[in-house]
Amino acid sequence: MQIPITQILLPSTTQTSREPLLQNLKPGQILQGTAMSGNIDGRLSLQIGVTRLVAETQLSVRPGQSLTLQVVKTENTPELRVLLPATLESLKATALKTLLPRQQPLPEAFKALIQVIQPSSREQIQQLQQLPPAVREQAVALVNRLPSPSEPGFKSQLQRALTENGLLTESKLLRGMNPKSELKPQLIRLMQRIIQLLPENRLLQANLDPKLLPAQPKVSTETLPDSSVKLLIGLLKHLDGAVARIQTHQLASLPQEDHTRQVWQFDLPIRNGNEIDLFQIRIGREDGNRSTDEDETVWSLSLHMDLADLGPMRVQLRLQADKLSTLIWCERPVTNHMVKSRLNELRTAYEQRGLAVERLETHVGVVEAREALPHDGSLLNEKA
């Protein structure tokens, strides 16, 4: 019989029934073992706990090597599988399987928040009157932190929002910083406040990330009418979808196996009256063969947006040293005409900042979905 490279066959249970270890094995059980010898002609001296066995395997090991083992089957000849250390790619794939079904566009969450802040129907007003004021106050604070072009401090708000998009929340925590003003922690804090108000059985129906749920069953001190509970469950699902969206972008922005390339992806919500406009941003860096040479580094930026007055648009920039290329796609011809009429102003603004404009164009064309944007950052072979 051919033994897979990561499998270990233990002695037959009928021949070694005196070993308590073999009698008590259960499928799926995790064991810690130590190789007491190398692999000699397909046989390995293995110690698990206080039990030492001679097992069959094709696995190449060194004496003293620790092994994490999982029981595959127990009848007749027990079979163990060696659990190899998880790679970054496998961890990302596992996390994405959980996050992708839950994620939602950020505007959906903010639309639900605005309904809490400014209810549009008598029914919503009645539902909100039953809620603790703290829920609405947190929602108001969260929405008001979004940058708004109608406010005089928009430029500084925008700069803050770009650095507080949630990608580096955990990194800042590890460095002893307090990222409480970032979007992701704010969403989670509001979720936790809502979770405290909801009955345990209704929380399970929300299908949330288990890490957000209380470790112990809670006893709610507040009784809410069913209509208000329904409102909070809906808001909670939208918030959870927004957090999952940010986490998905965090995974996409982790360091790549190719260390000369790095990508950062995030969503930037902008408050526009009672509406929330979303700017989807992807920043890429690609180092040349001489990574220390700044002239070899290529920076790229993709910006995708769909504004009510302009329609879908996509902007791509490519910067190497002081040479900049910009391509703009507009789905509406009238928007394209307006943008084209302002290209000279954009060129002047670039040049005033010391940039040499290599390419500056605008095109009419169907704007692809954000996820379909190219991942190499290249503009040379793009066509509208």
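- Residues V135 and R193 are in side-chain contact: their nearest non-hydrogen atoms beyond the backbone lie under 4.5 Å apart.
- When atom types are taken as modelled, the side chain of R136 and the backbone of I117 share a donor-acceptor pair closer than 3.5 angstrom.
- For S148, the side-chain contact (heavy atoms from CB on, under 4.5 Å) partners two or more places apart in sequence, or in a different chain, are S150, E151, R271.
- Separation of atoms OG1 (T57) and CG (L46) is listed at 9.5 Å; rounding is to 0.5 Å.
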Step by step, would you call V71 with L31 a side chain to side chain contact (heavy atoms under 4.5 Å, CB included)?
-> CA-CA 8 Å; V71 180; L31 305 171; 4.0 Å; yes

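- The shortest distance between side-chain heavy atoms of L146 and I276 falls below 4.5 Å.
- The pair R145-E164 meets the salt-bridge criterion, with a side-chain N (NZ, NE, NH1 or NH2) lying under 4.0 Å from an Asp/Glu carboxylate O.
- Summarising the geometry of M177 relative to P179, their closest heavy-atom pair is O-CD, 3.3 Å, with the distance given to 0.1 Å.
- Side-chain contact check for C330 versus I328: some heavy-atom pair is nearer than 4.5 Å.
- Taking the side chain as every heavy atom from C-beta outward, L53 and P11 approach each other to under 4.5 Å.
- For N39, there are no side-chain hydrogen bond (donor to acceptor under 3.5 Å, both in side chains) partners at least two apart in sequence or on another chain.
- Connection of V82 to V72 is not established within any shared hydrophobic cluster, with ILVMFWY side chains joined at heavy-atom distances below 4.5 Å, either directly or through further cluster members.
- In this structure, the side chains of Q352 and Y350 stay at 4.5 Å or more apart for every pair of heavy atoms.
- Under the rule for a salt bridge (Lys or Arg N to Asp or Glu O under 4.0 Å), the partners of R342 that lie at least two apart in sequence or sit in another chain are E345.
- Taken to the nearest 0.5 Å, the CG atom of L158 stands 6.0 Å off from the CG atom of L268.
- Separating the CZ atom in R102 from the OG1 atom in T248 is a distance of 8.5 Å, to the nearest 0.5 Å.
- Of all heavy-atom pairs between D306 and G311, the closest is OD1-C, 3.4 Å.
- Between N274 and Q118, the closest side-chain pair of non-hydrogen atoms falls below 4.5 Å.
- With sequence neighbours excluded, the residues that form a side-chain contact (heavy atoms from CB on, under 4.5 Å) with P147 are F154, Q157, A161, I270.
- In this structure, the separation between CD on E358 and OG1 on T326 is 10.5 Å, given to the nearest 0.5 Å.
- Smallest separation of non-hydrogen atoms from Q32 and T68: OE1-OG1, 3.3 Å.
- From L99, atom CG reaches atom NE2 of H249 across 11.5 Å, with rounding to the nearest 0.5 Å.
- No path of Ile, Leu, Val, Met, Phe, Trp and Tyr side chains, each step under 4.5 Å between heavy atoms, connects L173 with L168, placing them in separate hydrophobic clusters.
- For the salt bridge (Lys or Arg N to Asp or Glu O under 4.0 Å) test, no residue two or more places apart in sequence or in another chain qualifies with E108.
- Checked against side-chain hydrogen bond (donor to acceptor under 3.5 Å, both in side chains), T362 has the following partners two or more places apart in sequence or in another chain: N336.
- No more than 12 heavy atoms of other residues, nucleotides or ligands shown are found within 6.0 angstrom of CZ on R353.
- Remark: the backbone N or O of L162 is paired with a side-chain donor or acceptor of N165 at under 3.5 angstrom.
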Trace of the side chain to side chain contact (heavy atoms under 4.5 Å, CB included) decision for K323 with V357 = CA-CA 6 Å; K323 299 175 181 178; V357 179; over 6 Å; no

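- Shown here are the salt bridge (Lys or Arg N to Asp or Glu O under 4.0 Å) partners of E351, two or more places apart in sequence or in another chain: there are none.
- Between V229 and L232, every side-chain heavy-atom pair lies at or beyond the 4.5 Å cut-off.
- Between the side chain of T297 and the backbone N or O of D287, no donor-acceptor pair lies under 3.5 Å.
- R347 pairs by the side-chain hydrogen bond (donor to acceptor under 3.5 Å, both in side chains) definition with nothing, not counting sequence neighbours.
- In the hydrophobic clustering of ILVMFWY residues, with side-chain heavy atoms under 4.5 Å counting as a link, M338 and V315 come out together.
- A pairwise comparison of heavy atoms in P101 and T98 identifies CD-O, 3.5 Å as the closest pair.
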Do I48 and L80 pass the side chain to side chain contact (heavy atoms under 4.5 Å, CB included) test, and can you show the C-alpha distance, the side-chain angles, and the key distance before you say yes or no?
-> CA-CA 12 Å; I48 303 175; L80 309 180; 4.0 Å; yes

Check step by step if side-chain hydrogen bond (donor to acceptor under 3.5 Å, both in side chains) holds for R81 and Q70.
-> CA-CA 5 Å; R81 178 172 61 244; Q70 184 177 38; 2.4 Å; yes

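- Annotation: side-chain contact (heavy atoms from CB on, under 4.5 Å) contacts of L235 (sequence neighbours excluded): A112, L113, V116, I194, L239.
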Would you please test T335 and E331 for side chain to side chain contact (heavy atoms under 4.5 Å, CB included) and show each step?
-> CA-CA 8 Å; T335 302; E331 204 159 282; over 6 Å; no

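- Pairing each heavy atom of N24 with each of Q29, the nearest pair is O-OE1, 3.7 Å.
- Side-chain contact check for P27 versus K73: every heavy-atom pair is 4.5 Å or farther apart.
- Contacts of V61 classified as side-chain contact (heavy atoms from CB on, under 4.5 Å), with partners at least two apart in sequence or in another chain: A35, L44, L59, Q65, L67.
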Side chains of residues 183-192: which donor-acceptor partners sit under 3.5 Å, not counting sequence neighbours?
residue: K184; atom: NZ; partner: E170; partner atom: OE2; Å: 2.7
residue: K184; atom: NZ; partner: Q250; partner atom: OE1; Å: 2.8
residue: Q186; atom: NE2; partner: S181; partner atom: O; Å: 2.8
residue: Q186; atom: NE2; partner: E182; partner atom: O; Å: 3.3
residue: R189; atom: NH1; partner: K180; partner atom: O; Å: 3.3
residue: R189; atom: NH2; partner: K180; partner atom: O; Å: 2.6

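- E361 pairs by the salt bridge (Lys or Arg N to Asp or Glu O under 4.0 Å) definition with R359, not counting sequence neighbours.
- Judged purely by atom type and a 3.5 angstrom limit, S45 has no side-chain atom pairing as donor or acceptor with the backbone of M36.
- Remark: W329 CH2 to Q316 CD distance equals 4.5 Å, nearest 0.5 Å.
- Both F279 and W299 belong to a common hydrophobic cluster when Ile, Leu, Val, Met, Phe, Trp and Tyr are linked at side-chain heavy-atom distances under 4.5 angstrom.
- Across all their heavy atoms, L25 and P78 have their closest contact at CD1-CB, 3.9 Å.
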